[in-house]
Amino acid sequence: MPQTTHSTVVYAISDSVAHVEIDRAEKLNSLTREVFEDLVEAGLALKEAPEVKAVVLSGRGRAFSAGLDFTELARIAEAGAATRSTSEEEPDTDSGARSAAAVSSAVEVGTRLGSARALAQKAVHIWSLIEVPVIAAVRGAALGGGMQIALGADMRVAGHDAKLSLMELRWGIIPDMCGTQLLPRLVGPAQAKKLIVTADTIGAEEALLIGLVEEIAEDPVARALDLAGQIAGGSRSALVWAKRLVDLSYESELSTGLDAEQEALAQLLGTEEQKQVVAERLAAMKARAKG
């Protein structure tokens, strides 16, 4: 089983399904800089793995992730306080430069990975950059940054014990790990604003009702792996195009999306992979017909 640099995330590939796990069960998989770096490292490795057709993302133990580790929150708060103190002492001669320095010091904005520049955002956004479907298996707490990591997946399976919340406003900040941008896509802008500004915690049933999760299962990890196995039975090229086209619908005009559908069809039809899928499908239908 491959391990990441800091050993806070582990992953394994079996039968074309990759299972990625945050491995800090004793800390309820709370998030640190090392976890963010390891999530990005694992995601980048799977992004370059052509044998993978589906990915499951989960946390070991009884929680998906309880959110930002208190030590990390303290570090960020101290960095922000130090930056403000320094800025107030400097002459007001170059406010733009001081503003950029403040952002760099407090949140460590770096080079882009896809659309994301901040490390914590990259730990969420990386899953959308993987070509194949990614399923988050949410068991227990998915709070703050933990919930935002789940939002980065293409779909979510929750356990009956799941508790989901964007709690950042309770700490005087905002969801900064893609949450403000991804949540409205799932639940709509009004519901997203309500969840963010109230910082309410909701259970699996309400999450299913508002479209935050797609399924509830007794064992969400087992169900996610089963679903991933079902997905992995299909053509990888078709899976890649399916995810790409749906994602395109958020950022392009309808005409662009419809043209892309036809481009996909032209590239898929008649390939050896497509012929094999058709042959296997016809053989299975004939076997069922014979009874």
Apply side chain to side chain contact (heavy atoms under 4.5 Å, CB included) to Leu143 and Leu166, showing your working. CA-CA 6 Å; Leu143 308 177; Leu166 294 181; over 6 Å; no
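- Among residues two or more places apart in sequence or in another chain, the side chain to side chain donor-acceptor pair (under 3.5 Å) test is passed with His6 by Glu37.
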Tell me which donor-acceptor pairs under 3.5 Å the side chains of residues 278-291 have, and how far apart each pair is, sequence neighbours excluded?
{"residue": "Glu280", "atom": "OE2", "partner": "Gln276", "partner atom": "NE2", "Å": "3.0"}

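- Under the salt bridge (Lys or Arg N to Asp or Glu O under 4.0 Å) criterion, the residue pairs touching residues 139-155 are Asp154-Lys243, with sequence neighbours excluded.
- Pairing each heavy atom of Ala137 with each of Pro220, the nearest pair is CB-O, 3.6 Å.
- Of all the heavy atoms in Pro2 and Tyr11, the pair that sits closest is CD-O, 2.8 Å.
- In the hydrophobic clustering of ILVMFWY residues, with side-chain heavy atoms under 4.5 Å counting as a link, Ile13 and Val221 come out apart.
- Considering only heavy atoms from C-beta on, Val10 stays 4.5 Å or farther from Ile22 through its side chain.
- Considering CH2 of Trp241 and CD of Glu261, their distance stands at 10.5 Å, rounded to 0.5 Å.
- Of the possible donor and acceptor atoms, one in the side chain of Arg170 sits under 3.5 Å from a partner among the backbone N and O of Ala199.
- For the salt bridge (charged side-chain N to carboxylate O under 4.0 Å, His left out) test, no residue two or more places apart in sequence or in another chain qualifies with Glu218.
- In this structure, CD1 in Ile202 is found 5.5 Å from CG in Leu164, a value given to the nearest 0.5 Å.
- In this structure a side-chain-to-backbone donor-acceptor pair under 3.5 Å is missing from Arg117 to Thr111.
- Of the inter-residue distances, the one linking Glu26 atom CD with Asn29 atom CG reads 8.0 Å to the nearest 0.5 angstrom.
- Of the inter-residue distances, the one linking Leu129 atom CG with Lys122 atom NZ reads 11.0 Å to the nearest 0.5 angstrom.
- Checking side-chain atoms of Asp38 against main-chain N and O of Thr4 turns up no donor-acceptor pair under 3.5 Å.
- The salt bridge (Lys or Arg N to Asp or Glu O under 4.0 Å) analysis of residues 48-59, with sequence neighbours excluded, yields no pairs.
- Val56 and Ile216 fall into different hydrophobic clusters, where Ile, Leu, Val, Met, Phe, Trp and Tyr are joined by side-chain heavy atoms under 4.5 Å apart, directly or via other members.
- In this structure the side chain of Met177 reaches within 4.5 angstrom of the side chain of Leu31, judged on heavy atoms.
- When the side chains of ILVMFWY residues are joined at heavy-atom separations under 4.5 Å, either directly or via intervening members, Leu151 and Val20 end up in a single hydrophobic cluster.
- Between Val213 and Val138 there is no side-chain heavy-atom pair separated by less than 4.5 Å.
- Looking only at side-chain heavy atoms (C-beta outward), Leu208 and Leu212 stay at 4.5 Å or farther from each other.
- Among residues at least two apart or in separate chains, salt bridge (Lys or Arg N to Asp or Glu O under 4.0 Å) pairs with a member in residues 12-25 are Glu21-Arg60, Asp23-Arg60, Arg24-Asp69.
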Kindly list each side-chain donor-acceptor pair under 3.5 angstrom involving residues 224-239, sequence neighbours excluded, with atom names and distances?
{"residue": "Asp226", "atom": "OD2", "partner": "Arg223", "partner atom": "NH1", "Å": "3.0"}
{"residue": "Ser235", "atom": "OG", "partner": "Ser237", "partner atom": "N", "Å": "3.4"}
{"residue": "Ser235", "atom": "OG", "partner": "Ala238", "partner atom": "N", "Å": "3.2"}
{"residue": "Ser235", "atom": "OG", "partner": "Glu273", "partner atom": "OE2", "Å": "3.1"}
{"residue": "Arg236", "atom": "NE", "partner": "Pro50", "partner atom": "O", "Å": "2.9"}
{"residue": "Arg236", "atom": "NE", "partner": "Val52", "partner atom": "O", "Å": "2.8"}
{"residue": "Arg236", "atom": "NH1", "partner": "Glu131", "partner atom": "OE1", "Å": "3.3"}
{"residue": "Arg236", "atom": "NH2", "partner": "Val52", "partner atom": "O", "Å": "3.4"}
{"residue": "Ser237", "atom": "OG", "partner": "Glu273", "partner atom": "OE1", "Å": "2.6"}

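- For the side chain to side chain donor-acceptor pair (under 3.5 Å) test, residues two or more places apart in sequence or in another chain that qualify with Thr32 are Glu34.
- When atom types are taken as modelled, the side chain of Gln274 and the backbone of Leu269 share no donor-acceptor pair closer than 3.5 angstrom.
- Checking Ser14 against His19 by side-chain atom types alone, no donor-acceptor pair falls below 3.5 Å.
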What verdict does the side chain to side chain contact (heavy atoms under 4.5 Å, CB included) test give for Leu182 and Tyr250, after you've listed the backbone C-alpha separation in whole Å, the side-chain angles of each residue and the deciding distance to 0.1 Å? CA-CA 11 Å; Leu182 297 180; Tyr250 288 110; over 6 Å; no
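- Annotation for Val124 and Gly152: closest pair CG1-CA, 3.7 Å, computed over non-hydrogen atoms.
- Proximity of a side-chain donor or acceptor of Glu214 to a complementary backbone N or O of Arg156 within less than 3.5 Å is detected.
- The two atoms that bring Leu245 and Gly257 nearest to each other are CD2-O, 4.3 Å, heavy atoms only.
- Remark: Asp200 pairs with Thr198 by the side chain to side chain donor-acceptor pair (under 3.5 Å) rule, at least two apart or across chains.
- Counted within 6.0 Å of CZ on Arg62, heavy atoms from surrounding residues, nucleotides or ligands total 12 or fewer; the atom is thus considered open.
- Looking at Ser252, its side chain never comes within 3.5 Å of a backbone N or O of Ser249 through a donor-acceptor pair.
- The cluster map of Ile, Leu, Val, Met, Phe, Trp and Tyr, joined by side-chain heavy atoms under 4.5 Å apart, puts Leu186 and Ile149 in the same cluster.
- The CD atom of Gln148 lies 7.5 Å from the SG atom of Cys178; values are rounded to the nearest 0.5 Å.
- Lys163 meets the salt bridge (charged side-chain N to carboxylate O under 4.0 Å, His left out) test with no other residue; sequence neighbours excluded.
- The hydrophobic cluster containing Val240 also contains Leu46, counting ILVMFWY residues as joined when their side-chain heavy atoms lie under 4.5 angstrom apart, directly or transitively.
- To the nearest 0.5 angstrom, Ile126 atom CD1 is 11.5 Å from Leu57 atom CG.
- Residues Gln267 and Gln262 bring no donor and acceptor atom of their side chains to less than 3.5 Å of each other.
- With sequence neighbours excluded, no residue forms a side chain to side chain donor-acceptor pair (under 3.5 Å) with Glu206.
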Side-chain donor-acceptor pairs of residues 188-196 under 3.5 Å, sequence neighbours excluded:
none

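- Across Ala260 and Leu248, no two heavy atoms sit closer than the pair CB-CD2, 3.6 Å.
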Chi angles and distances behind the side chain to side chain contact (heavy atoms under 4.5 Å, CB included) call for Met155, Val134: CA-CA 7 Å; Met155 57 200 84; Val134 178; over 6 Å; no
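- When all heavy atoms are compared, the tightest approach of Phe64 to Ala142 is CD2-CB, 4.1 Å.
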